[in-house]
Amino acid sequence: MLTDDERSAFLQSIARVRQRAGQALRQAQGADGADGALAFIAQLHRGLDTVAEQARTTGPQPACQAGCAHCCHLRVEATEPEVFHIAQHLRAQPATVRADAISALQRHVATAQASTTRQACSFLVDERCSIYPVRPAACRKAHSLSAKHCAEQSATIPQNLRLLVDAEALMAGTALAYRDQHLPASAHELNAAVLATLSDPTALHRWHQGDPAALVPTPAPAQDPHTHSAPPHP
C-alpha cells in the first residue's frame, strides 16, 4: 500500500509522463502517421528497461534469469500499439517463422476458449521469449524476488515496490497520451489480440482512425439460408 504522499507523487509522475509522451507522440504521428504512432511505443519500452536496470542496481536483486519462465504461463495483457508493434515484428520474419507463430497463436486461443487451464504463452519457445525485443510492457515490469514463490504458484509474489510504481507510472502516462490523441490504448489478452491483428490487414488503419474495436476479430458473414453452395465436381 502507498502512503498518501507516495500516492500523490505517483499521480504526479503519471501526469508528467502523459505530458511529455503526448508531445513526443504528436511529433511522431505528425511526421509518419500510423507508423510513427506505432513506433513511439518503443520509447515506453526503453523507459521500462531503464527502470528495471536501475532497480537491479540499487534495490534487491530479482530471482529472474534466462530459462525461468513461470510468469510466461500467466495471462499477459498488452495495449493496441504494443500488439501492432509485435505483429509488425512477426510480419518481418521469414515465412516459416511467421507460420509457426500463427499456428502457436491459434492453438493457444483455441485452448483458452475450451479450458481455464494455465498454459504457456505462445511466444515461449524452448523456455525463451521468441519476441523478447518487442515484448510488451507487462512482461518488462514482471519480476520476482523469489523463484520458489513462482514455482509454487504462490498467491503473492515478493517484488520491488519502487520498480512497480515507476513502471506503472510510465505505462499509465503513456496510455493516456495515446488516448489524448484519440488512439485506443487499452489492455487486451496478448495471444488473441496478436492473432486478430495478423488475421486482419485493416486493423492498424482502423486503430489509427480511433476504432476501439480494431483488435476485435470480425465475424465471417452469415450465409443466406436460401443460398446453396455449388455441388462438388464428380
Got a donor-acceptor contact below 3.5 angstrom from the Asp166 side chain to the Val51 backbone? no
Under 3.5 Å, which donor-acceptor pairs link side chains of residues 134-142 to any protein atom two or more places apart or in another chain?
| unit_1 | atom_1 | unit_2 | atom_2 | d |
| --- | --- | --- | --- | --- |
| Arg135 | NH1 | Tyr132 | O | 2.8 |
| Arg135 | NH2 | Tyr132 | OH | 3.4 |
| Arg140 | NE | Arg135 | O | 2.8 |
| Arg140 | NH1 | Asp49 | OD1 | 3.1 |
| Arg140 | NH1 | Asp49 | OD2 | 2.8 |
| Arg140 | NH2 | Pro133 | O | 2.8 |
| Arg140 | NH2 | Arg135 | O | 3.2 |
| Lys141 | NZ | Glu168 | OE2 | 2.1 |

Any donor-acceptor N or O pair under 3.5 Å, side chains Gln29, His208: yes
May I ask you to test the Phe84-Leu215 pair for a side-chain heavy-atom distance under 4.5 Å? yes
Steps toward side-chain contact (heavy atoms from CB on, under 4.5 Å) verdict (Arg56, His143): CA-CA 11 Å; Arg56 281 192 292 270; His143 69 284; over 6 Å; no
How about CZ on Arg7, more than 12 heavy atoms from neighbouring residues, nucleotides or ligands closer than 6.0 Å, or not? no
In terms of hydrophobic clusters joined by side-chain contacts under 4.5 Å, are Leu145 and Leu163 together? no
Spacing of Gln181 atom CD and Leu25 atom CG [to the nearest 0.5 Å]: 5.0 Å
ILVMFWY network linking Tyr178 to Leu176, side-chain heavy atoms under 4.5 angstrom: no
Does Asp32 reach the side chain of Phe40, with side-chain heavy atoms less than 4.5 Å apart? no
Taking atom CG of Leu183 and atom CD of Gln209, what is their separation to the nearest 0.5 Å? 9.5 Å
For residues 146-156, which residue pairs qualify under salt bridge (Lys or Arg N to Asp or Glu O under 4.0 Å), counting only residues two or more places apart or in two chains? Lys148-Glu152
